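For reference, the structure discussed in these notes is given below.
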There are 2 protein chains.
Amino acid sequence: MSTTPQTTPRRATITDVAREAGTGKTSISRYLNGEMSVLSAELRARIEAAIARLDYQPNQMARGLKRGRNRLIGMLVADLTNPYTVEVLQGVEAACHALGLMPLICHAANEVEMERRYLQLLTTYRVEGVIVNALGVREETLRPVGGGGIPAVLVDRSVDGLVTDMVGLDNHAAAELGTRHLLDNGFDDIWFVVQPFEQVSSRRLREAAFREAMSAQDRRGEQHAARGHTVVLDLSDMVEMERTLAELDRAIDAAHNVRGGTGAAGHGGRVALFAANAPVALRLALHLKTRYGDDWQTRVALLSIDDPDWAELTGITTIRQPTYEIGYRAVEFLHERIEGVQTAARDCLLPGELIVRASTLR
Amino acid sequence: MSTTPQTTPRRATITDVAREAGTGKTSISRYLNGEMSVLSAELRARIEAAIARLDYQPNQMARGLKRGRNRLIGMLVADLTNPYTVEVLQGVEAACHALGLMPLICHAANEVEMERRYLQLLTTYRVEGVIVNALGVREETLRPVGGGGIPAVLVDRSVDGLVTDMVGLDNHAAAELGTRHLLDNGFDDIWFVVQPFEQVSSRRLREAAFREAMSAQDRRGEQHAARGHTVVLDLSDMVEMERTLAELDRAIDAAHNVRGGTGAAGHGGRVALFAANAPVALRLALHLKTRYGDDWQTRVALLSIDDPDWAELTGITTIRQPTYEIGYRAVEFLHERIEGVQTAARDCLLPGELIVRASTLR
DNA sequence: CTGTTAGCGCGTTCAA
DNA sequence: TTGAACGCGCTAACAG
């Protein structure tokens with residue numbers, strides 16, 4: 001059965017259907033748009049038959065060109081590798097489905113240049129709006145978007161100088177939640193590990209909230225104050241990353257021994273790493289496993305924002321983001337803008353949920 | 001700085017630019033298409049200025065409508081949750097970039113109905129071709145595609161009765177590779193765990209190759225023959241899944257005790273589970289962890305086709321698919337078809353790579 | 001070198 | 001109820 005795939009036999013157009021049905025294009029158009037009340041049953045039947053016979057499917061491009069709207073929206077994501085992104089996408093798709101929109105997914109693969117190109121492309125294809133979860137966009141890149149250009153909604157991160165709707169995690173509350181959890185469980189040293197801030201506002205916000213929660217603890221006058229540190233880990237630069245991890249190792253060693261411990265598990269200060277997101281957490285877990293072996297969790301506790309599916313398997317505590325809802329809300333916002341809503345730019349901050357697992361319990 | 005996002009001020013068209021530059025549309029069109037040699041330097045400068053002043057961006061929809069090609073291809077995927085899919089996507093994107101194509105990603109989220117809708121939509125948007133990695137499509141669904149319709153390339157799975165190019169893993173070799181590895185490492189009982197076959201050819205092929213490799217072992221007359229079993233695990237039906245897992249548990253218990261062992265680790269028959277893909281492997285790992293605790297790997301070995309990032313963390317042996325290349329090749333095939341290549345339908349089977357980790361070593 | 005003309009496939013008056 | 005004619009934004013064929 002190795003038939004040769006044959007060449008495409010030019011699709012039928014509305015004109016073909018009109019001729020086949022022995023009528024004009026207008027009637028076909030009306031039929032397609034459901035204006036049945038304006039068509040005699042007889043003509044409708046003929047049109048139906050003609051369409052079926054020709055296997056006709058209206059050209060959406062042409063329709064869009066005509067009516068000036070194509071029901072297309074762009075979804076620009078920075079990293080599909082991050083489970084967070086895929087989960088948000090589910091919400092986006094569900095909402096689009098409900099609202100009659102069609103999402104075009106564009107994956108920048110963490111490359112700023114790609115991002116720029118896709119944004120350009122979405123613009124020239126005249127999508128009605130875009131949802132952007134981007135890495136390095138600055139205000140200029142998004143110029144054609146938001147304010148003066150097509151409607152835009154930002155997800156997870158805001159862009160300096162760009163006034164648009166934004167929806168994402170309540171980063172402040174989430175980081176505070178995680179930090180409090182670690183403090184309540186008696187950790188002595190906590191490292192907040194985050195990727196280079198760059199233009200990503202959520203990273204900065206999470207780190208700031210972490211530091212704030214750590215100093216709030218000081219002022220509360222707990223019996224012994226825990227120490228907080230921030231480490232910036234660049235996942236895209238192997239060499240730099242290894243260097244940072246080695247440095248972290250030394251610091252952890254020092255913390256383990258500071259309270260006169262022998263260095264064995266549970267004898268020195270208790271150490272926790274607070275990963276700002278799942279990719280960081282994964283990298284840390286892999287590193288810790290390499291360094292301490294399979295029972296690395298007895299030496300260092302790991303807590304992460306994001307709840308990738310391996311978290312359950314590894315038993316690390318996480319703060320799960322309401323990803324589905326984030327995506328859903330983003331589309332709702334965008335839809336309102338497309339429909340012409342003119343209110344001031346809105347922020348929608350959704351709460352994270354602490355999922356306690358074995359890793360952070362005493 | 002809570003400025004109100006203002007309404008879209010109608011984008012400039014080619015006519016606007018022509019007027020602004022004091023010339024005709026044709027010249028603008030020529031400029032846009034890089035036919036510089038046919039334009040006086042003076043006119044070109046005026047056009048350039050006009051374009052900049054109006055921030056003009058050509059409408060791709062209109063262009064596509066005119067020239068009959070829009071450089072768009074559809075990428076229909078069944079499940080973005082599966083890391084395999086995302087990895088393939090990377091290859092697809094790279095190839096598209098290189099060939100000047102624009103991939104529209106459509107995510108069916110494992111729903112056959114979604115799949116149908118997206119396929120329909122891609123068709124009506126007149127994409128030049130589609131890459132399909134689908135769940136339940138049958139020949140009818142893909143009718144508009146492949147043979148008589150727009151060019152199509154299948155990824156990972158073929159569809160009965162549909163004659164098109166296909167690219168994916170060499171399932172037979174991969175399953176055999178995994179099975180041989182388990183046999184060589186002295187496992188006594190091996191369960192091949194796979195999702196319901198449905199229309200997914202790769203599942204069937206892998207299972208068949210597993211069984212074949214198991215019986216080939218018999219004929220080789222090894223000192224003691226291992227027993228092979230197949231389990232179908234439906235991840236989408238929680239109740240059914242739990243039932244199947246409980247059954248599997250009992251069978252494993254029996255195997256553990258069969259050689260007079262006490263049931264303690266390492267005393268009975270050695271047991272391995274061979275997961276047909278990553279989602280199955282994850283589900284199995286979670287279950288085993290629940291049942292046996294953190295040291296579940298001392299009781300049961302896990303091997304999986306697909307190499308998700310938690311595999312390294314958990315230390316399970318895997319067979320990594322050449323995902324990037326699969327995606328890249330798929331686009332190359334499709335591109336050839338779009339350009340009119342007429343050869344018979346081709347199959348491209350790429351080899352998997354065995355990555356041995358602690359889980360399956362004696 | 002440049003502009004005019006005629007569509008691409010479709011929706012929308014407007015008159016019949 | 002029906003259909004002819006015009007135009008959406010753009011490209012291509014043909015003059016000048």
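All figures in this text were calculated on a predicted structure; none of them were measured in a lab. The analysis underlying the following values was restricted to heavy atoms, covering all of them including side chains, and did not include hydrogens, waters or symmetry mates.
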Test item: side-chain donor near acceptor, B:R126 and A:Q60, under 3.5 Å: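 Short answer, no.
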Residues A:E48 and A:Y31: side-chain donor-acceptor under 3.5 angstrom: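 Yes - a donor-acceptor pair under 3.5 Å links their side chains.
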Between [N] ([atom2]) and [X] ([atom1]): distance, integer Å:
X: A:L65; N: C:dG7; atom1: CG; atom2: C1'; result: 13 Å
X: A:R69; N: D:dG9; atom1: CZ; atom2: C1'; result: 19 Å
X: A:R11; N: C:dC8; atom1: CZ; atom2: C1'; result: 16 Å
X: B:M36; N: C:dC1; atom1: CE; atom2: P; result: 13 Å

Shortest non-hydrogen contact from B:P103 toward B:V92: CB-CG1, 4.4 Å
C:dT2 phosphate, OP1 or OP2, under 4.0 Å from B:T23 side-chain N/O: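 So the side chain of B:T23 is outside the cut-off, no N or O lying under 4.0 Å from OP1 or OP2 of C:dT2.
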Beyond-backbone contact of A:V167 with A:V153, side-chain heavy atoms, under 4.5 angstrom: yes
Flag, side chain of B:R157 to backbone of B:L154, donor-acceptor distance under 3.5 Å: no
Strand contacts (DNA chain D) in residues 37-47 of chain A, 4.0 angstrom heavy-atom criterion: A:S37, A:V38, A:L39, A:S40, A:L43
Base versus backbone protein contacts along nucleotides 10-16 of chain D [heavy-atom cut-off under 4.0 Å; B, S, -]: BBBBB--
